Protein chains: 2
Amino acid sequence: MAGRIQPLRFEPVQTVRAYQRIVEQIEDALARGDLAPGQRLPSERELVTQFAVSRSTVREALRVLESNGVVRSRPGDPNGPEILPFSQGPLRKQMTRLARVDELTLSELIAFRMIMDGAAIQLASRLRTDEQLAEMEQTLVAMREAIDIDFAAFSEADVAFHEAVARVSRNSLLQTCNEVVRGVVLSLISDKIAHATNSRALMLESLQHHAEVVEAIRAGDGHAAARLARQNLYDYYATYVPEPDRDPLRALIDD
Amino acid sequence: MAGRIQPLRFEPVQTVRAYQRIVEQIEDALARGDLAPGQRLPSERELVTQFAVSRSTVREALRVLESNGVVRSRPGDPNGPEILPFSQGPLRKQMTRLARVDELTLSELIAFRMIMDGAAIQLASRLRTDEQLAEMEQTLVAMREAIDIDFAAFSEADVAFHEAVARVSRNSLLQTCNEVVRGVVLSLISDKIAHATNSRALMLESLQHHAEVVEAIRAGDGHAAARLARQNLYDYYATYVPEPDRDPLRALIDD
DNA sequence: GAGACGCAACTGGTCTGACCAGTGGACTAG
DNA sequence: CTAGTCCACTGGTCAGACCAGTTGCGTCTC
């Protein structure tokens with residue numbers, strides 16, 4: 001046995017809860033195909049013996065699975081909990097099965113925002129009524145006023161603008177995705193953006209961009225409006241994205 | 001006391017589980033602002049007395065909340081469960097907080113697909129390598145062969161094509177959303193589409209459209225490729241959308 | 001034989017009470 | 001003032017019980 005003795009490296013220990021292990025086992029079985037939608041899980045009491053845990057633990061696991069849209073339990077059902085088809089249940093659950101926000105890069109998130117926001121504005125420029133246009137212009141006024149207060153007020157007014165656009169686009173899914181991703185992006189870069197020195201200049205520039213977008217919406221030029229919106233997002237966020245990741249963002253602009 | 005006696009209408013009764021009520025109360029408090037991220041929930045035993053239920057029930061509620069990314073419990077923490085900031089935890093959970101798939105119209109879902117797919121293809125036409133282009137063309141060949149088998153095989157090959165595109169677009173969020181929404185759309189119209197009589201003609205037409213998209217990708221014309229992709233989706237699905245809801249879909253095409 | 005009845009055996013939902021391994025603060029001995 | 005102990009808490013798990021439903025089967029009546 002030659003060779004130097006390797007410096008002993010221990011992995012950090014993390015305790016995994018029993019119910020979490022059960023969730024994993026069942027989700028794995030589903031991923032492997034050993035379990036298919038429409039099938040039934042064994043009853044809770046049967047799972048107790050199979051997993052060799054108490055019924056409380058089994059039930060906590062089932063609650064997690066149910067919350068994820070994987071299974072559904074009904075009282076008095078002589079069969080066990082039902083495995084749901086992939087597409088049922090709340091949408092978010094479906095998303096989580098595949099994507100975790102912490103696995104996403106900032107570039108992906110911003111690209112997504114550019115797509116969503118651009119599409120919402122394109123839709124808005126076609127579908128808007130005159131009242132809705134006036135509403136959007138009103139939010140621009142509010143943004144101008146907010147600049148003289150502080151950045152938080154401006155940010156709030158900005159959100160109001162985007163919400164108005166999303167309403168006009170008549171697509172709640174679009175709206176939801178946009179809001180969620182905006183929240184994630186902001187939380188990722190908030191520490192950096194807070195230290196921006198020339199924030200007043202930034203706000204004025206941003207307002208100018210928004211006004212251009214609204215002008216394009218008024219003209220009914222959805223293409224130009226969407227392009228402006230994407231450009232604005234790029235200008236606003238690109239500095240936080242490392243250079244090699246900016247290619248997809250640029251690809252979204254110059255169409 | 002005049003007036004006819006109204007025909008008595010009773011609401012269908014649905015039993016709500018105790019733990020579900022707890023989840024609602026806590027989520028409501030969070031929505032109202034009575035509870036904010038960073039704050040701590042009372043300990044489990046304290047919640048037992050406040051909600052007047054057993055600890056099992058409290059714990060099942062906490063498991064649901066934890067699975068939704070709302071709170072996190074740590075053993076031995078002298079404070080109660082921690083309320084997480086909005087942007088943490090799995091993304092799907094965030095989505096589910098806002099959007100339920102059963103509240104969405106088919107039009108919204110298809111519009112979303114048109115946006116996502118168009119964007120993915122636009123990105124792909126800019127970012128693709130020659131190998132990836134060859135890969136996509138290979139999936140076209142597979143689609144052509146699948147037509148001679150049956151509709152399920154064709155559908156599978158179609159999925160493979162879109163997955164290839166999504167990979168090239170280098171955006172897992174885009175990919176995930178697209179997959180989820182495609183699944184939902186298919187489950188909504190699968191019963192209708194299965195009865196299509198001239199399915200072979202449809203498949204050939206779809207293949208032709210895909211080929212055109214790939215051709216545009218090869219040419220690097222992202223705009224044309226995206227437009228074609230949206231048009232294809234519209235042609236494919238619009239018949240299932242009631243006429244008044246088609247406006248947003250058309251607005252997405254003629255840019 | 002056919003149908004109504006009732007019982008027994010299940011299901012999931014809830015409760016009670018207990019034990020354990022951690023954590024953190026208060027208290028105490030040096 | 002520090003080091004050590006101790007204790008009161010936390011969440012995680014367990015065992016066993018009861019209830020209200022549902023299902024199915026056997027029985028009992030017509």
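Bear in mind the structure is a predicted one, so any value in this text is a computation, not a measurement. Chain letters run A, B, ... following the sequence lines, proteins first and then strands; every chain starts at 1.
No side-chain heavy atom of A/L127 sits under 4.5 Å from any side-chain heavy atom of A/S169.
Applying the side-chain contact (heavy atoms from CB on, under 4.5 Å) rule to B/E163 yields the partners B/V159, B/R167, B/E179; only residues at least two apart in sequence or on another chain are considered.
Distance, B/R72 CZ to D/dG12 P: 12 Å, rounded to whole Å. Atom CZ of A/R21 is separated from atom P of D/dC14 by 13 Å (rounded to the nearest Å). Remark: P of C/dC10 and CG of A/L47 are 16 Å apart, rounded to the nearest angstrom. We find that CD1 of A/I22 is positioned 13 Å from C1' of D/dC14, with the value rounded to whole Å. The interatomic distance linking B/E60 (CD) with D/dT13 (P) rounds to 13 Å, in whole Å. In this structure, A/E82 atom CD and C/dG12 atom C1' are separated by 14 Å, rounded to whole Å. Atoms CD (A/Q20) and P (D/dG11) sit 18 Å apart, rounded to a whole Å. Summarising the geometry, the separation between CZ on B/R17 and C1' on C/dT11 is reported as 12 Å, rounded to the nearest angstrom.
Remark: A/R21 CZ is loosely packed, at most 12 non-hydrogen atoms of other residues, nucleotides or ligands lying under 6.0 Å away.
Within the 4.0 Å cut-off from OP1 or OP2 of D/dC14, at least one side-chain nitrogen or oxygen of A/T57 is found.
Between C/dT14, D/dG12, C/dC15, one nucleotide has an atom nearer to the side chain of B/S56 than all others, and that is C/dC15. Distance from the side chain of B/R55 is smallest to D/dG11 among C/dG13, D/dC14, D/dG11.
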* Protein proximity profile, nucleotides 5-10 of chain D - base contact B, sugar-phosphate-only contact S, no contact -, cut-off 4.0 Å on heavy atoms -> -----B
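B/T105 and B/D245 share no donor-acceptor pair across their side chains, judged by distance under 3.5 Å alone. Using modelled atom types, one finds a donor on one side chain and an acceptor on the other under 3.5 Å when comparing B/Q50 with B/E46. In this structure, a donor-acceptor pair under 3.5 Å is absent between the side chains of B/S206 and B/D158. Residues A/H162 and A/N178 have side chains that never bring a donor and an acceptor to within less than 3.5 angstrom of each other.
Among the protein residues, A/R63 comes within range of the sugar-phosphate backbone only, with heavy atoms under 4.0 Å from sugar or phosphate atoms but none that close to a base.
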